[in-house]
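This is the structure, below, for whatever I ask next.
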2 protein chains.
Amino acid sequence: MRGARRPRVRLRDVAERAGVSPTTASFVLSGRDMRISEETRQRVLRTARELDYRPNLAARSLRTQDSRTIGLVADTIATGHYGGELIRGSMTAALKHGHRLLVCESEGDPSLQSALVEDLVGRQVSGLVVATSSHDRVSAPRGTGGLPVVLLNCRSDAPYPAIVSDEVAGGRAAAGLVVRAGHRRGIWLVGETPPSSLPGTGRFEGIVAELAGAGAVLDEQLSCKWWPEAAYDVMAQALAGGGRPRAVVCLNDRIAFGVYQALAEVGLEVPRDVSVVSFDDSELASWLRPSLSSIGLPEFEMGRLAVEALLGTEAPPAERLVPMPVRARDSIAPPAV
Amino acid sequence: MRGARRPRVRLRDVAERAGVSPTTASFVLSGRDMRISEETRQRVLRTARELDYRPNLAARSLRTQDSRTIGLVADTIATGHYGGELIRGSMTAALKHGHRLLVCESEGDPSLQSALVEDLVGRQVSGLVVATSSHDRVSAPRGTGGLPVVLLNCRSDAPYPAIVSDEVAGGRAAAGLVVRAGHRRGIWLVGETPPSSLPGTGRFEGIVAELAGAGAVLDEQLSCKWWPEAAYDVMAQALAGGGRPRAVVCLNDRIAFGVYQALAEVGLEVPRDVSVVSFDDSELASWLRPSLSSIGLPEFEMGRLAVEALLGTEAPPAERLVPMPVRARDSIAPPAV
DNA sequence: GGCCCTTGCTAAAACGATTTGGCAGGAGTA
DNA sequence: TACTCCTGCCAAATCGTTTTAGCAAGGGCC
């Protein structure tokens, strides 16, 4: 764009100027303990600094067969905070290992995905993270050419390690908050649990198990899409029918948002009259009044673990269940007498 | 990980198997119209397919001095939807030009930022996008080695093209919604406009200008941090003092959320009693009841334009103002008589 | 035959790093 | 002196592409 692109300083330039061979310069700069006199070492280092030498990583990759890059192929990277934190976690771990992150989005298109994988393999990435936002079973990427692969937020039939959130434990935690506040009756669940959705079924399973273990019962289950509008409708209808919950477990924060609105309209106060707990710990949870207790998604940690599985020294387990953080806030109180 | 990493198929392997020289194979595969007989061409293509040949992009980069990669250095990539959409936009544009995106986060640490820039330059990226989430003046990245740089969501004193949202026009659009609904009096503004914040001052400027142009007045200006809690507090206090707005312009959706709550508590209904408009068009805006009219952030488009400025054919302007999309929803109505 | 084109292909030199296998020269030892 | 070791450095091969320059064979033309 601006000005003539001056030719980059090469290792050879540094070597010549320092009066040594490229070999020596390379040894000095890569810090390997070959027998180099301290004086020569300093001279090379100084020269490199003077010339502002920056190694050409393409050349290095070619020679060492190691690009110090890992590829992240996601179906969607912009689902709320989700994608961002996943990327951040992956990047942080990659950075720690001196790697960079090549981020791609396939928009769920399988042919685009395989094209991307192919390209990344061609770029000699050291490993591949395949992520989804929908958290379920996925067909394993093909044509990875024997490259290490880690699945993020999904599983597959291929023998790739998978990093997923521990939804069952999360479900237990959510129900646990309600149970420990003293609730045993009048507990409602809001949100559908489609069979294909791992988070849904996992959460549900955990909730039911925890309630059963505490001798509590799930009085009502309102099925609806995971959106405020839908949750509001189904909740408002149930309340209009005369039902009165003491605690509501929502399958995500957006549902809880709708539930809050429906409760407010019939004059029920959270948490005095009704306790509410949900999942995702999105920003919404802390904005609501009263602030919403929510079981968070360990996105950052999952991203981190995925890259760590690729780059770390220890072999990753076939399936890593990442615990979901529990954010207890003001939306839960003991049942009124 | 699994199995022996079989050596990758090289161009030379394809050439040998097809009985031609690497030169010929290269010409065929890169599709250049050197004089190659159709028969030979087909043979090479077939062989490449059979062997599942994938070119080594490190070698290609080294030779062509072109990595087909662009680097994105952000201070924070996980600010709500913001970062995700920026990345998506950048990636889409990069993909269109056959490039990939190397994503880095500096966490606002200048020394980390320059280390990252240095690394990316070493990786021979074709260009650099430097993005911030805070949208203001930034010190230009150093040590870019003459690489093309585009600033995203910020400006600097260096002569780099900048892509920023047109906050002033956005401000006019927000006020315009209110004005066109017929409001001239009882218009409030909520949210502080710190001098350092470009979006704040830009929005404010546009709002004031539009109102003035329509002969409307800004009756009240409530200053508060851009968070629901703070906005609720300041709004509730103003309402308790007896003030009654007919229209409220909020500097972002989170503020509007707090305002909604404060209005509801004193029995004012949106939009019958009070119209509300705000900025960001976050998910919150469509979840609120009634749905919130909001001036969106053109994140995707900005990311796209940044990369397009680097890779596109036409020279980018020094400062590109990207229009903010107007999302008119249910929170605005004509003033009651 | 002698000359020049055209066609279809190839040899070899880059690109810029890393790394193997030495090579001088001095010191130590017998 | 002759042999061996060690120190400090370097020549050259290598990674897998792209690309310049040119070669051989065949045909047309005079």
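Lettering of chains follows the sequences in order, A, B, ..., and the numbering in each one begins at 1. Owing to the predicted nature of the structure, the values given are computational and were not obtained by experimental measurement.
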Nearest-Å distance, CG (A/Leu29) to C1' (C/dT19)? 15 Å
Once you round it to whole Å, what is the distance between C1' of D/dC6 and CD1 of A/Ile36?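 Atom-to-atom, A/Ile36 to D/dC6, this comes out as 15 Å.
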Measuring from B/Leu152:CG to B/Ile163:CD1, what's the distance to the nearest 0.5 Å? 7.0 Å
Mind calculating the distance between CZ (B/Phe27) and C1' (C/dG8) to the nearest angstrom?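 Interatomic distance, CZ of B/Phe27 to C1' of C/dG8: 12 Å.
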Distance in angstrom units between A/Arg123 CZ and D/dG16 C1', rounded: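 After rounding, the reported distance stands at 16 Å.
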Tell me whether A/Arg320 at atom CZ has more than 12 heavy atoms from other residues, nucleotides or ligands lying less than 6.0 Å away.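 Check fails, neighbour count at 12 or below.
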Looking at D/dT17, D/dC9, C/dT18, which one has an atom nearest to any side-chain atom of B/Arg63? D/dT17
When you compare the side chain of A/Val150 with that of A/Leu305, does any pair of heavy atoms fall below 4.5 Å?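 No - every pair of side-chain heavy atoms lies 4.5 Å or more apart.
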Do any N or O atoms from the side chain of A/Asp75 and from the backbone of A/Ser106 form a donor-acceptor pair under 3.5 angstrom?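 No, because the side chain of A/Asp75 does not come within donor-acceptor range (under 3.5 Å) of the backbone of A/Ser106.
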Closest to the A/Ser37 side chain, choosing from C/dT20, D/dG8, C/dA14: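 So the side chain of A/Ser37 is nearest to D/dG8.
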Between B/Arg17 and B/Leu51, is there a side-chain heavy-atom distance shorter than 4.5 Å? yes
Minimum-distance nucleotide (side-chain atoms of B/Pro55 versus D/dT17, D/dG16, C/dA17): D/dT17
Would you mind reading off the distance between A/Gln124 atom CD and D/dT17 atom C1', rounded to a whole angstrom?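 Going from A/Gln124 (CD) to D/dT17 (C1'), I get 11 Å.
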Checking all strands, does A/Ser61 fall into the base, sugar-phosphate, or nothing category for heavy-atom contacts under 4.0 angstrom? nothing
Which nucleotide sits closest to the side chain of B/Thr64: D/dG16, D/dT18, C/dT10? D/dT18
For the side chain of B/Arg35, counting heavy atoms from C-beta on, which of D/dA11, D/dC15, C/dT7 is nearest?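 Closest of the options to the side chain of B/Arg35: C/dT7.
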Starting at atom CD of A/Glu38, determine the distance to atom P of D/dC9, rounded to an integer number of angstrom. 11 Å
Within the modelled atom types, does a donor on one side and an acceptor on the other bring the side chain of A/Thr23 and the base of C/dT19 under 3.5 Å apart? yes
Select from B/Gly19 and A/Ser26 the residue whose nearest nucleotide in DNA chain C is closer to the 5' end of that strand.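 Of the two residues, B/Gly19 wins.
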Is the shortest side-chain N/O distance from B/Thr24 to OP1 or OP2 of C/dT10 below 4.0 Å?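 Affirmative; the distance criterion is met.
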Below the 4.0 Å mark, does C/dC9 have OP1 or OP2 next to a side-chain nitrogen or oxygen of B/Thr40?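 B/Thr40 to C/dC9 OP1/OP2: side-chain N or O found under 4.0 Å.
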A/Leu62 side-chain proximity, nearest of D/dC10, D/dG8, D/dG16: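 Nearest nucleotide to the side chain: D/dG16.
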Interatomic distance where CG belongs to B/Leu11 and C1' belongs to C/dT10 [whole Å]: 13 Å
Please state how far atom CZ in B/Arg12 lies from atom P in D/dT18, giving the value in whole angstrom units. 14 Å
Closest of D/dT18, C/dT19, C/dA17 to the A/Ala59 side chain is C/dA17
